[in-house]
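Down below is the structure, laid out as C-alpha cells.
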Amino acid sequence: MKKQVLISSFQFCILLIGFLLGSTVILVPGSHANQNAWLAYVIGWLGGFLLFSIYIALYKRHPEKTLVEIHQLLLGKWLGNLLSILYIWYFLHLGSLVLRNFTEYTLTISLPETPLWFMTVLYTLVIAYSVKSGLEVTSRTAELIVPFIFLFQIGITLLLVPHMKFSNLLPFLEDGLKPVLDASFSVLTFPFGETVVFLMLFPYLNDRKKLKRNFIISFLLAGGLLLIAVFREITILGELGIERKIFPPHLSTKKIEVLNFDPLIGVMFFITGATKICVCYLASVIGLAQLTKSNDHRVFVYPIGIILAGLSIWIYASAPQMLSWAIEVWPYYSIPFQIVIPIALLCISLLKGKKKSKKASS
Amino acid sequence: MFMVIVIIFAILALTLFDLPFLFKKKNPLATFTYYFLILIGIFIAYINIQDLPVASPAIYIEKLIDLIIRR
C-alpha cells in the first residue's frame, strides 16, 4: 500500500538528527565511564551505525512496509500483532521518558515553583497539535528549527574553549576497558538504538533510494555534534562533574562570563526533545491505526496524549530515580526491542526469501 | 474528589470531538481501542490526582529485568 503522506530526504535527515540529539543535549551519554566517556561514546556511535544498518536492511527487504506490517507479514496475525502492541508500548514509554526529562529539566533549572503536571500538560498540548497535524507538518517544523541546534551547540562550545582543561581527559583507561564497554553499551541503546522507531516512518520517505545516504549524513552530523558536547563537558567539568551532576551542560554553560547562555540549553532541549517525542508519538498512533485497520492515525492522538502525559508523571517518583533508571535499567530493557527482535526479523525474512527462491527455481 | 470528577468529565467531554470520525468510519475495533485507551488514561489520571501508592510500570520492568539478569 502506497503511503499518502511523504517527506523529503532533507526532512527525514532533520527528523533523525533532532531525534538523536533529543535528551542527550542535557545529559552526557556514557557519563559513567568518567573521563573515558568520549571513548565509550565513540564505540556506542559505531555500534549505532551497525544497528541502524540492520534496520535499513530489514526495511529494504520489505519496502513500503512499517514495522507493524513487517510483523504481520513475517510472524503472522497473532504473534505479529502481539509484538506490535509491545513496540507501541515501547515507543510510548520512550516518549514519556523524554517528556519527563523535559519537565524535570524545566522545573529544576528554570521554573522551580511550577507544578510538574502543568508543564507536562502544556508540553503535551504542543506536541499533540503537531502530531495531529501529521508527519509532514512535524517534519516541516523540525526543518525550520532543528538547524539552530548546530549554531547553538557550536557557539556555546567556542565560548567555553578558554575554560577547557584537557588534563581532565587523563588518566586514559585507568580501570581498563570494561567500564568503557559497559558505558558504550548504554550509549548504543540511548540514543542510537532508539532509532528503531524510524522503522515506522521509513515508508513515508519520498526518495527511498537515498535512505542509506540520509542515514549516514544524519548519524555523522548528530553524532559529531554530540561528540563535541561530550568532550566539552569532560574537559570543563571533569570526571566527577559529569558523573555526579544531574544536568552537566547546564553547569558548564554557567561558566561563560559575558552573557547568561544557560537558557539556550533549555531552548535546544525544547526543540530536540519535542522532535523526539513527536516521532515516538507518531510511531505509536500510526502503529495503532494500522493495527486497528483505521485509515487515519489522527483519531488516536487524543487518547495516546492523555496516556503519554499521565505516564510521564506516574512513571518516576523523582528526577534521580528517572536518571538512575535510564542508566541502569533502560539498556537491558531495550535489548529485545532494539537488537534481538530486529535481527530475528531480518533472519526470518532472509530464510523466507531463500525458501521462496528455492520454490521458484524448482 | 471534586478534582477527580472534573478531570474525568473533561477527558470524556473532549472525546466528543473524535466521535463524528469514529461513527463515520464504522470500525468497531478502532472505536473499542479508542475507548479502551481513554479508560487507561482516566485510570492513570486518577492515580496521579489521588497520589495513590500504585507501583508504576517502570518498577515492574526493573523487577523483571533484575529477575532475568539476576543483578
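In what follows, chains carry the letters A, B, and so on, assigned in the order in which the sequence lines appear, proteins first and then strands, with residues in each chain numbered from 1.
In this structure, CD1 on Ile44(B) lies 5.5 Å from CD1 on Ile307(A), to the nearest 0.5 angstrom. If you take CG on Leu311(A) and CD1 on Ile47(B), they are separated by 10.0 Å, rounding to the nearest 0.5 Å. Taking CD1 from Ile61(B) and CH2 from Trp330(A), the interatomic distance works out to 8.5 Å, rounded to the nearest 0.5 Å. Between atom CD1 of residue Ile68(B) and atom CD1 of residue Ile335(A) there is a gap of 10.0 Å, rounded to the nearest 0.5 Å. A distance of 12.5 Å separates CG in Asp51(B) from CH2 in Trp314(A), rounded to the nearest 0.5 Å.
The heavy-atom pair separating Gly310(A) from Asn48(B) by the smallest distance is O-ND2, 3.0 Å. Taking both residues in full, the closest heavy atoms of Leu29(B) and Thr292(A) are given as CD2-CA, 3.6 Å, listed atom of the first, atom of the second, then distance. The minimum heavy-atom distance linking Ala58(B) with Trp325(A) is given by the pair O-NE1, 3.1 Å. Of all the heavy atoms in Lys293(A) and Asn27(B), the pair that sits closest is O-ND2, 3.3 Å. Residue Pro303(A) comes nearest to Leu37(B) through the heavy atom pair CB-CB, 3.6 Å, listed as atom of the first residue, atom of the second, then distance.
With respect to chain B, the highest number of heavy-atom pairs below 4.5 Å among Val299(A), Ile306(A), Asp296(A) belongs to Val299(A). Contact count against chain A (heavy-atom pairs under 4.5 Å) is highest for Val54(B) among Ile40(B), Leu39(B), Val54(B), Ile42(B).
Both the backbone and the side chain of Leu14(B) come within less than 4.5 Å of a heavy atom of chain A. Heavy atoms closer than 4.5 Å to chain A are found nowhere in Ala45(B), neither backbone nor side chain. Interface residue Ile11(B): backbone and side-chain heavy atoms are both found under 4.5 Å from chain A. When heavy atoms are compared at a cutoff of 4.5 Å, Leu97(A) does not approach chain B at all.
Between Tyr302(A) and Tyr34(B), the ring planes lie tilted relative to each other; the angle falls in the 30° to 60° range.
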Let me see the working for Trp117(A) and Ile49(B) under side chain to side chain contact (heavy atoms under 4.5 Å, CB included), right down to the final yes or no. CA-CA 10 Å; Trp117(A) 67 265; Ile49(B) 298 162; over 6 Å; no

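Trp89(A) meets the side-chain hydrogen bond (donor to acceptor under 3.5 Å, both in side chains) test with Tyr333(A); sequence neighbours excluded.
Remark: the backbone N or O of Ile315(A) is paired with a side-chain donor or acceptor of Ser56(B) at under 3.5 angstrom.
Applying the 6.0 Å contact sphere to CZ of Phe32(B) captures no more than 12 heavy atoms from other residues, nucleotides or ligands.
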